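Input: a single structure, listed below in structure tokens.
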Amino acid sequence: SSLLMSIQPCSAPPGPSSGITCKMTGCFCALVFCVMCFVSWIKPAKYVVMCRVTVKPNTERYLLPNVTYYQTLPIIKCYKGVPVDIQYLKRKDKPDLAYRKTDAKAPDGKPTVIFCGGFRSDMEGTKAVFLESLCTRHDMPFIRFDYSGHGSSGGAFEEGTIGQWKDDTLAIVDKIASGPVILVGSSMGGWISFLAAEERPDRVAGLVGLAAAPDFTREMYNENFTEEMRDELMRTGRTHMPNDYSDAPYVITKSLIDD
């Protein structure tokens with residue numbers, strides 16, 4: 001099997017990340033992505049593309065030996081989305097999942113690219129729209145969706161956990177996509193993509209991590225929580241963190257940390 005890796009700044013939500021991280025797609029990453037799609041279509045293989053640029057203390061475990069890391073160049077640009085109607089995956093006793101699906105004109109067994117967003121992000125974000133545009137240009141089937149409690153999907157955000165959002169991703173893979181898939185995960189979505197790939201090794205032909213943030217809840221608790229926040233979490237089951245993108249703080253629940 002083959003292994004390709006590129007690097008971009010790692011995002012550890014819900015802490016602040018640079019504007020470039022939120023609005024970039026690297027030239028090399030896009031090139032690797034296109035090559036990966038084509039090669040995995042012609043000859044199925046396993047790929048992991050993890051995007052990082054800074055190595056923080058105690059994060060070396062995410063870097064693999066004998067791998068060449070490439071610095072990608074940022075493209076700060078706006079991409080016009082493809083007009084695709086929102087559809088909903090109805091589930092018994094679970095929130096409905098909103099998604100947008102673009103089919104290939106000539107499928108020919110091409111893998112479906114599925115974008116997994118970050119913490120409190122939705123499918124209308126810059127990276128999701130860019131990938132949809134890229135896949136349309138190369139006639140690749142593409143799906144972007146919202147986790148439960150995010151965007152246009154049902155459910156309450158405060159009730160969500162990593163495990164639940166991983167199950168949401170698997171529902172999209174199982175019920176909406178067909179054939180092999182390539183998971184593209186941004187920030188928290190990178191972690192969720194890894195978890196989903198472990199449970200569907202027969203379906204996942206490729207895996208791309210954009211500023212992937214595995215175990216970010218552990219890092220958030222250990223490095224960003226104050227003693228007062230930890231006490232509040234234990235007493236009430238939730239605490240609050242400042243939000244760089246809104247006046248409303250993030251609500252962090254004990255179930256999210258425990259999961």
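This one's a predicted model, so the numbers in the text were calculated from it and none came from an experiment.
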Would you compute the distance between atom [atom1] of [X] and atom [atom2] of [Y] and round it to the nearest 0.5 angstrom?
X      : Y      : atom1 : atom2 : answer
Ile182 : Met140 : CD1   : CE    : 5.0 Å
Asp168 : Phe145 : CG    : CZ    : 7.0 Å
Thr136 : Phe142 : OG1   : CZ    : 8.5 Å
Ile114 : Ile143 : CD1   : CD1   : 4.5 Å
His240 : Leu233 : NE2   : CG    : 11.0 Å
Met188 : Arg120 : CE    : CZ    : 11.0 Å

Show your working on side chain to side chain contact (heavy atoms under 4.5 Å, CB included) between Ile162 and Trp191 and close with a plain yes or no.
CA-CA 9 Å; Ile162 299 298; Trp191 184 12; 3.7 Å; yes
Evaluate the salt bridge (Lys or Arg N to Asp or Glu O under 4.0 Å) criterion for residues Asp139 and Lys110: first the C-alpha distance (whole Å), next the side-chain angles of each, then the deciding distance (0.1 Å), finally the verdict.
CA-CA 9 Å; Asp139 197 32; Lys110 297 175 183 176; 3.2 Å; yes
With a 4.5 Å heavy-atom cut-off, do [X] and [Y] have their side chains touching?
X      : Y      : result
Arg238 : Glu158 : yes
Phe216 : Ser187 : no
Gln164 : Lys94  : no
Pro95  : Ser153 : no
Lys254 : Met234 : yes

Under 3.5 Å, side chain of [X] to main-chain N/O of [Y], donor-acceptor pair present?
X      : Y      : result
Trp165 : Ser148 : yes
Asn243 : Ala248 : yes
Asp146 : Met123 : yes
Ser121 : Gly117 : no
Thr161 : Asp259 : no
Arg200 : Leu170 : no
Thr253 : Leu256 : yes
Ser133 : Val129 : no

[X] versus [Y], closest heavy-atom pair with distance:
X      : Y      : value
Ala197 : Val204 : CA-CG2, 3.8 Å
Tyr147 : Gly189 : OH-CA, 3.5 Å
Thr169 : Ala196 : CG2-CB, 4.1 Å
Ala177 : Val181 : CB-CG1, 3.8 Å
Gly109 : Pro180 : O-CG, 4.2 Å
Ala98  : Tyr88  : CB-CE2, 3.6 Å

Do Arg144 and Glu132 meet the salt-bridge criterion of a basic N to acidic O distance under 4.0 Å?
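Result for this pair is yes, salt bridge flagged.
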Between the side chains of Lys101 and Asp103, is the shortest nitrogen-to-carboxylate-oxygen separation below 4.0 Å, so that they form an ion pair?
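Result for this pair is yes, salt bridge flagged.
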Begin with the C-alpha distance, continue with both residues' side-chain angles, and end with the deciding distance and a verdict on side chain to side chain contact (heavy atoms under 4.5 Å, CB included) for Arg91 and Leu89.
CA-CA 6 Å; Arg91 302 184 296 172; Leu89 173 60; 4.1 Å; yes
Test: Arg230 cationic atom under 6.0 Å from Tyr221 six-membered ring centre, within 45° of axis:
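Output yes; distance and angle both within limits.
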Hey, quick one: are Ile172 and Leu195 part of the same hydrophobic cluster, counting side-chain heavy atoms closer than 4.5 Å, chains of contacts allowed?
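In one cluster with Ile172: Leu195, yes.
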Determine whether Phe115 and Ile86 fall in the same hydrophobic cluster, where Ile, Leu, Val, Met, Phe, Trp and Tyr are linked whenever their side-chain heavy atoms lie under 4.5 Å apart.
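Not linked; separate clusters.
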Take a 6.0 Å sphere around CD of Glu199 and say whether it holds more than 12 heavy atoms from other residues, nucleotides or ligands.
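Enclosed.
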Apply the test side chain to side chain contact (heavy atoms under 4.5 Å, CB included) to residues Met241 and Met229: give CA-CA distance (whole Å), side-chain angles for both, the deciding distance (0.1 Å), then the verdict.
CA-CA 9 Å; Met241 288 191 68; Met229 293 171 66; 3.3 Å; yes
Would you sort out whether Asp174 and Arg203 count as a side chain to side chain contact (heavy atoms under 4.5 Å, CB included), showing the intermediate values?
CA-CA 9 Å; Asp174 295 341; Arg203 295 289 308 281; 4.0 Å; yes
ring-ring contact (aromatic ring centres under 6.0 Å, His included) between Phe119 and Phe157, intermediate numbers included:
CA-CA 10 Å; Phe119 187 82; Phe157 172 80; 5.2 Å; yes
